[in-house]
Structures are given as structure tokens and as C-alpha cells.
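Single-structure report; data block below.
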Amino acid sequence: MTAWTADRIPDQHGRVAVVTGANSGLGLLTATELARRGARVVLAVRDTEAGREAARRIGGDTEVCHLDLASLASVRAFAEKLSADHPVIDLLINNAGLVLLGPRHTTADGFELHLGTNMLGHFALTGLLLGNLAAAPAARVVSLSSITHKNAHLDFDDLMCERNYKAPEAYSRSKLATTAYGVELDRRLRAAGSPVLSVLAHPGLTRTNLTPRAWEHRGRLGAFVARAGLLATQPVEQGVLPQLRAATDPEVRGGQFFGPGGLRETRGRVVEARLGREAGDPGIARRLWETAERLTGVTCL
């Protein structure tokens with residue numbers, strides 16, 4: 001089978017695409033490819049100055065809007081403005097994420113920072129925009145997972161890692177939550193008869209700015225470790241392909257999960273990826289969903 005490449009992205013004229021974290025890395029390249037094919041791309045970013053610079057680099061039909069996923073107030077304000085400006089949204093790509101390997105931090109709402117940003121912020125955002133997505137003829141929500149989710153465990157008795165905080169585990173847990181949420185969103189959309197598809201993707205080990213930022217707290221040693229770690233990664237142009245396929249391939253079905261097919265899913269051509277055990281467990285997903293609704297105050301479906 002011929003490898004899937006960005007050249008296979010169909011025409012996107014007339015479509016509105018929202019990409020979180022679109023000012024750098026995977027998000028920037030995702031926004032660039034969509035705009036190149038005619039989409040109206042909303043760059044949803046925490047740093048609007050960086051977002052405006054990214055928009056200048058991208059060209060095409062773009063706009064920059066402030067969104068801080070670590071603040072539910074910011075998520076609600078963004079969703080309210082976006083809904084008014086764009087009653088119909090065709091693509092929501094929940095790309096933004098963070099990994100911090102230093103001490104424990106919390107969001108503006110008191111959530112552990114990884115879970116609050118990577119999963120709960122996107123959960124609330126998606127729920128607030130589902131009406132706009134349902135107004136489109138063939139809308140999609142793309143959730144960005146990670147291969148680290150496969151070895152993670154959701155401890156509902158300590159979901160915010162207050163008793164035993166280890167940064168790598170907190171990140172992996174947030175990505176497990178993101179993945180389980182994306183799968184459960186598909187189940188609920190299908191049960192509701194919604195035309196919206198929920199699709200997932202992960203980039204394997206890809207060369208972005210997440211790794212250097214993760215090690216910033218360690219000074220020179222951290223900079224050295226980060227540079228060494230980047231040697232094992234694939235280019236961002238390859239790593240972005242799973243989420244671009246999830247977002248644009250006409251043959252995609254709800255609930256599909258895409259990632260690299262080589263070297264234990266760390267690199268290579270785009271294939272269907274395998275879910276971790278907990279990510280595919282409906283009982284865990286339902287409990288997570290109910291917990292997310294309670295924590296965010298947003299009812300999705």
C-alpha cells in the first residue's frame with residue numbers, strides 16, 4: 001500500500017479548522033498544511049504574539065485567538081467568541097499539550113497541570129463547541145495521544161497526583177486520559193446519531209520543542225539531555241502525518257487511531273495504531289467522562 005503523505009490531503013476550501021497549540025511544532029505544521037489547501041484556520045494559542053508570527057509564516061486564511069487550556073475561564077471565553085464568529089466548525093484538532101519534568105504544578109482551577117491542560121481543557125473545549133461541529137456536514141474532532149499512554153494507569157483515587165507526584169507518570173496519565181476520552185467521545189457520538197467523528201492520532205517520537213521545554217528546569221544538564229534525546233526523534237514533517245490523516249482522509253472512520261508504523265510505533269509511515277488496555281476499556285472511559293464533566297462543569301453528550 002502506498003504510504004500516506006500530506007499530498008493526499010483533499011481540498012479544504014470552505015472549511016473552518018481550529019488547531020490548538022498552532023504556533024509551533026505539530027500544531028504549526030498542521031495549520032500550515034490545512035491553510036495551504038484552502039481552509040480557514042483558527043490558531044488557538046496561549047501566546048498570541050507567537051501566534052501572529054506563526055500566522056505570518058503560514059499565510060493563507062488564518063486568524064489568531066487566545067486560548068489558555070490551563071484555565072476553564074479562558075476556554076469558555078474562547079469558545080463563546082469562536083461560536084459567535086464561526087457557527088459552523090468543520091475541524092477541531094486538539095493538538096496542544098505540555099510535558100514538564102520539574103516539580104508539580106497546577107492549573108488556574110487547581111488541576112494537576114498535565115491532566116488539566118492536555119485532557120480536561122480539551123474536554124471542556126470540545127463540549128462547548130459540539131453544537132458548532134454538529135452544524136457541519138462532516139465534522140471531526142482529532143485528539144492527540146502519545147505512545148506513553150500504553151504504560152499509564154488512571155488512579156481515580158489520586159487523579160491529580162497529590163500523594164505521589166512523578167512528572168513522567170503524570171504526563172503519561174494525561175495522555176491516557178486524552179486517549180480514553182477520544183474513544184469514548186466516538187462511542188457517544190455514534191450512540192447519539194451525530195455526524196461528527198472522533199478520531200485519534202499520535203506522533204511517535206517526533207522532533208518538537210516539547211522535549212527542550214520539559215528539561216528547562218535542569219539548566220545546562222537539561223539542555224544537554226534534551227539535545228541528546230532529539231537525536232532519537234523523527235522530523236516533525238513525518239510526525240505530523242498521523243493527525244493530518246485523522247483530520248482529512250475521506251476514508252477515515254470514527255474511533256480510528258493513527259500513528260507511525262515503524263520501530264514500536266516511534267517513527268515511520270502512517271498506520272492504524274494500537275490502543276493501550278485501559279484506553280480501550282469502556283468502564284474506565286465512562287468513569288473518566290463523568291469525572292471530567294464534574295470537574296469542568298461542561299456536559300458534552
Side-chain angles (χ1 to χ4, degrees), residues 20-21 69-70 72 75 94-127 141-191 198-204 210 214 242-243 246 254-259 264-265 273-301:
T20 68
L69 288 161
L72 290 177
V75 172
N94 290 329
N95 162 85
L98 62 82
V99 52
L100 295 175
L101 300 182
R104 183 178 181 274
H105 294 280
T106 58
T107 69
D109 304 281
F111 308 141
E112 189 279 316
L113 189 60
H114 292 94
L115 186 72
T117 302
N118 297 348
M119 186 270 173
L120 292 173
H122 280 129
F123 176 93
L125 177 64
T126 304
V141 178
V142 178
S143 298
L144 195 62
S145 178
S146 164
I147 53 175
T148 65
H149 89 271
K150 297 185 180 187
N151 297 319
H153 168 65
L154 285 178
D155 180 359
F156 286 96
D157 293 326
D158 188 26
L159 200 58
M160 300 300 166
C161 305
E162 294 174 295
R163 292 200 300 266
N164 183 28
Y165 181 77
K166 295 179 181 178
E169 292 179 7
Y171 170 74
S172 299
R173 180 181 294 186
S174 75
K175 285 302 184 178
L176 170 57
T178 298
T179 310
Y181 161 68
V183 175
E184 180 67 9
L185 178 60
D186 170 65
R187 293 192 190 104
R188 293 182 181 236
L189 288 169
R190 285 189 284 114
S198 173
V199 193
L200 301 100
H202 80 81
L210 282 184
Q243 65 199 67
Q256 283 190 287
F257 181 27
F258 296 99
R264 298 187 179 183
E265 297 186 24
R274 297 183 299 275
L275 290 170
R277 182 185 59 82
E278 286 197 22
D281 186 319
I284 290 175
R286 282 194 298 271
R287 186 175 180 185
L288 175 66
W289 188 284
E290 293 165 0
T291 300
E293 286 189 332
R294 175 175 54 81
L295 292 173
T296 64
V298 175
T299 301
C300 287
L301 282 169

[atom2] on [Y] to [atom1] on [X], rounded to 0.5 Å:
| X | Y | atom1 | atom2 | result |
| --- | --- | --- | --- | --- |
| R286 | I284 | CZ | CD1 | 10.5 Å |
| R104 | C161 | CZ | SG | 7.0 Å |
| K150 | R264 | NZ | CZ | 11.0 Å |
| H105 | H114 | NE2 | NE2 | 9.0 Å |
| D109 | T296 | CG | OG1 | 9.5 Å |
| L288 | E293 | CG | CD | 10.5 Å |

Sole residue of N118, T179, T178 in side chain to side chain contact (heavy atoms under 4.5 Å, CB included) with S145:
T179

Within the structure provided, determine whether [X] and [Y] are in side-chain contact (heavy-atom separation under 4.5 Å).
| X | Y | value |
| --- | --- | --- |
| D157 | R163 | yes |
| E278 | H149 | no |
| Q243 | F258 | no |
| V183 | F257 | no |
| F123 | N94 | no |
| L98 | Y171 | no |
| L144 | P203 | yes |
| T106 | L113 | no |

Run the numbers on L154 and R287 for side-chain contact (heavy atoms from CB on, under 4.5 Å), then give the verdict.
CA-CA 10 Å; L154 285 178; R287 186 175 180 185; over 6 Å; no

Does this structure show an ion pair linking E112 with R173, if we count only N-O contacts that are shorter than 4.0 Å?
no

Inspect the contact between E184 and R187 and indicate whether a charged nitrogen and a carboxylate oxygen are less than 4.0 angstrom apart.
yes

Check ring pair (Phe, Tyr, Trp, His ring centres under 6.0 Å) between H122 and all other residues, then give those that pass, not counting sequence neighbours.
none

Give the minimum heavy-atom separation between V298 and G127, together with the two atoms involved.
CG1-CA, 4.0 Å

Mind listing the closest non-hydrogen atom pair of G182 and S143 along with its distance?
CA-OG, 4.1 Å

List the steps, then state whether side-chain contact (heavy atoms from CB on, under 4.5 Å) holds for W289 with L185.
CA-CA 9 Å; W289 188 284; L185 178 60; 3.8 Å; yes

